[in-house]
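Worksheet: one structure, shown below.
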Amino acid sequence: GLLVGMEQIGKIYPNGTVAVQNVNLRVGEGEFLCFVGPSGCGKSTIFNMIAGLTGHTSGRLSVLGTTPKEARKMNEIAFVFQEHTLLPWSKLIDNVTMPLTLRGVPKKERIREGERVLELVGLKDYLKVLPRQLSGGMKMRVSIARALISRPKLLLMDEPFGALDEITRQSLQDELLNIWRQDRKMTVLFITHNVFEAAFLSTRVVVMTPRPGKIADILEIPTPFP
Ligand code: ADP
Ligand code: ADP
């Protein structure tokens with residue numbers, strides 16, 4: 001099915017900044033799409049509109065078959081940012097299960113799901129560790145685990161690996177692809193400045209123009225994986 005449908009989407013911020021203009025894009029179930037383009041071209045704005053965090057000011061936008069605001073309430077959209085939004089004084093298991101705690105999910109189920117996602121990112125032996133004891137790459141794994149705990153249909157990643165060293169970045173790219181291949185219904189939208197990263201990860205690359213953000217081109221990346 002269609003996960004995200006953008007028709008002539010535009011965004012003008014209240015201060016008059018034209019951030020996005022005439023964007024047309026359809027994203028299907030199970031795609032892995034990367035967004036590349038210079039700083040300020042509107043990539044984060046597009047993500048925030050899809051996530052229902054800011055409204056579009058023109059065009060039509062559907063997310064998970066409904067409006068972004070309604071889609072947001074369904075808990076099927078998850079976000080991962082470059083900066084870690086982990087609670088420094090909470091154990092990893094408490095950090096990753098936070099979305100479930102907020103929704104009142106019983107403890108037994110929370111722990112089971114927490115262990116599941118920490119295992120997915122290779123951190124099952126770290127349940128009781130505090131984030132401040134971890135490297136940047138490991139903290140990113142925890143952020144990904146927390147995003148996955150609600151089994152999102154749509155995973156939005158805004159330059160998640162931008163602050164990591166090259167070796168760590170490459171292993172996280174591999175791990176992310178493995179996770180995505182295990183759940184081929186999950187759609188990933190991924191912002192990066194790194195063209196190699198985009199080509200390696202995605203099935204399509206959306207190239208944005210300098211501001212105001214328009215789509216300059218959409219590149220289909222042949223993937224060796226069925
Ligand atoms: P990015 O890494 O995507 O380039 P920015 O540094 O441009 O991010 O923006 C960081 C935050 O500041 C975002 O939440 C964005 O909405 C906000 N922001 C960016 N530019 C402006 C602006 N001109 N006025 C108000 N807020 C802004
Ligand atoms: P990118 O993610 O590609 O770096 P952004 O979506 O963050 O781009 O920003 C697109 C444009 O919108 C930039 O000119 C930025 O300064 C502006 N902008 C972003 N957020 C805000 C905001 N909250 N208020 C006003 N302008 C903003």
Side-chain angles (χ1 to χ4, degrees), residues 3-4 11 13 19-20 27 31-55 63 68-69 71-72 74-90 92 94-103 114 117-118 120-123 130-166 168-177 179-180 186-195 197-198 200-202 205-206 208 213:
L3 262 274
V4 179
K11 172 70 175 182
Y13 282 106
V20 173
V27 184
E31 283 200 74
F32 196 130
L33 234 72
C34 279
F35 290 72
V36 300
S39 198
C41 74
K43 303 181 296 294
S44 300
T45 299
I46 287 177
F47 273 34
N48 289 336
M49 290 189 290
I50 292 171
L53 302 173
T54 189
V63 178
K69 270 194 179 163
R72 194 177 155 202
M74 292 164 16
N75 296 316
E76 287 175 341
I77 305 177
F79 237 114
V80 176
F81 302 98
Q82 179 176 318
E83 59 278 13
H84 310 289
T85 50
L86 304 176
L87 304 170
W89 306 107
S90 295
L92 295 200
D94 297 322
N95 262 288
V96 298
T97 55
M98 185 59 63
L100 304 185
T101 308
L102 293 173
R103 256 181 270 147
V117 291
L118 282 172
L120 268 180
V121 298
L123 289 177
L130 298 177
R132 54 203 301 279
Q133 296 167 270
L134 301 179
S135 67
M138 286 161 103
K139 281 185 205 164
M140 179 47 67
R141 290 193 175 91
V142 180
S143 299
I144 293 172
R146 187 181 52 187
L148 294 174
I149 200 160
S150 307
R151 299 179 190 268
K153 289 211 171 96
L154 185 58
L155 179 60
L156 301 170
M157 308 184 82
D158 193 342
E159 269 209 79
F161 307 154
L164 303 176
D165 65 79
E166 195 52 32
T168 308
R169 176 202 287 263
Q170 283 176 15
S171 48
L172 273 157
Q173 287 171 349
D174 286 332
E175 286 171 32
L176 179 60
L177 279 183
I179 289 167
W180 174 66
M186 183 170 73
T187 302
V188 184
L189 305 186
F190 190 104
I191 293 175
T192 177
H193 277 104
N194 186 321
V195 175
E197 182 165 72
F200 180 70
L201 288 175
S202 54
V205 179
V206 179
M208 306 283 300

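Treat the numbers as computed from the prediction; the structure is a model and nothing was measured. As a basis for the values below, the full set of heavy atoms in this structure was taken, side chains included, without hydrogen atoms, waters or symmetry mates.
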Calculate, to the nearest 0.5 Å, the distance between atoms [atom1] and [atom2] belonging to [X] and [Y] respectively.
{"X": "Ile50", "Y": "Ile77", "atom1": "CD1", "atom2": "CD1", "result": "8.5 Å"}
{"X": "Leu176", "Y": "Leu155", "atom1": "CG", "atom2": "CG", "result": "7.0 Å"}
{"X": "Thr54", "Y": "Phe47", "atom1": "OG1", "atom2": "CZ", "result": "15.0 Å"}
{"X": "Leu164", "Y": "Met138", "atom1": "CG", "atom2": "CE", "result": "13.0 Å"}
{"X": "Asp158", "Y": "Thr192", "atom1": "CG", "atom2": "OG1", "result": "10.0 Å"}
{"X": "Leu156", "Y": "Phe190", "atom1": "CG", "atom2": "CZ", "result": "12.0 Å"}

Is there a side-chain contact between [X] and [Y] in this structure, where contact means two heavy atoms from C-beta onward sitting under 4.5 Å apart?
{"X": "Leu3", "Y": "Glu31", "result": "no"}
{"X": "Thr45", "Y": "Tyr13", "result": "yes"}
{"X": "Phe81", "Y": "Ser143", "result": "no"}
{"X": "Met186", "Y": "Phe32", "result": "no"}
{"X": "Lys11", "Y": "Asn48", "result": "no"}
{"X": "Phe200", "Y": "Asp174", "result": "yes"}
{"X": "Leu86", "Y": "Arg132", "result": "no"}
{"X": "Leu201", "Y": "Val188", "result": "no"}

Which pair of heavy atoms, one from [X] and one from [Y], lies closest together, and at what distance?
{"X": "Pro68", "Y": "Gly52", "answer": "CB-CA, 3.8 Å"}
{"X": "Leu148", "Y": "Ile179", "answer": "CD1-CG2, 3.7 Å"}
{"X": "Phe161", "Y": "Met140", "answer": "CE2-CG, 3.7 Å"}
{"X": "Leu33", "Y": "Val27", "answer": "CD2-CG2, 3.8 Å"}
{"X": "Ile149", "Y": "Val96", "answer": "CD1-O, 3.3 Å"}
{"X": "Ser150", "Y": "Leu100", "answer": "OG-CD2, 4.4 Å"}

Legend entry - Derivation of the side-chain contact (heavy atoms from CB on, under 4.5 Å) call for Leu92 and Leu134: CA-CA 10 Å; Leu92 295 200; Leu134 301 179; 3.8 Å; yes
Inset, instruction - Give a yes or no answer on whether the side chain of Lys153 reaches the backbone of Thr187 with a donor-acceptor pair at less than 3.5 Å. - result: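 Not a single qualifying donor-acceptor pair exists.
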Legend entry - Side-chain donor or acceptor of Asn95 paired with backbone N/O of Ser90 under 3.5 Å: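 Yes.
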Legend entry - Verdict with reasoning, Leu123 to Val142, per side-chain contact (heavy atoms from CB on, under 4.5 Å): CA-CA 8 Å; Leu123 289 177; Val142 180; 3.6 Å; yes
Inset, instruction - Give every residue pair that meets the salt bridge (Lys or Arg N to Asp or Glu O under 4.0 Å) criterion with at least one member in residues 38-51, sequence neighbours excluded. - result: none
Inset, instruction - Please list all pairs passing the salt bridge (Lys or Arg N to Asp or Glu O under 4.0 Å) test where one or both residues lie in residues 134-151, with sequence neighbours left out. - result: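 Pairs touching residues 134-151 that pass the test: Glu113-Arg151, Arg141-Glu175.
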Legend entry - Under the side-chain contact (heavy atoms from CB on, under 4.5 Å) test, residues paired with Asn75 that sit two or more places apart: Arg103
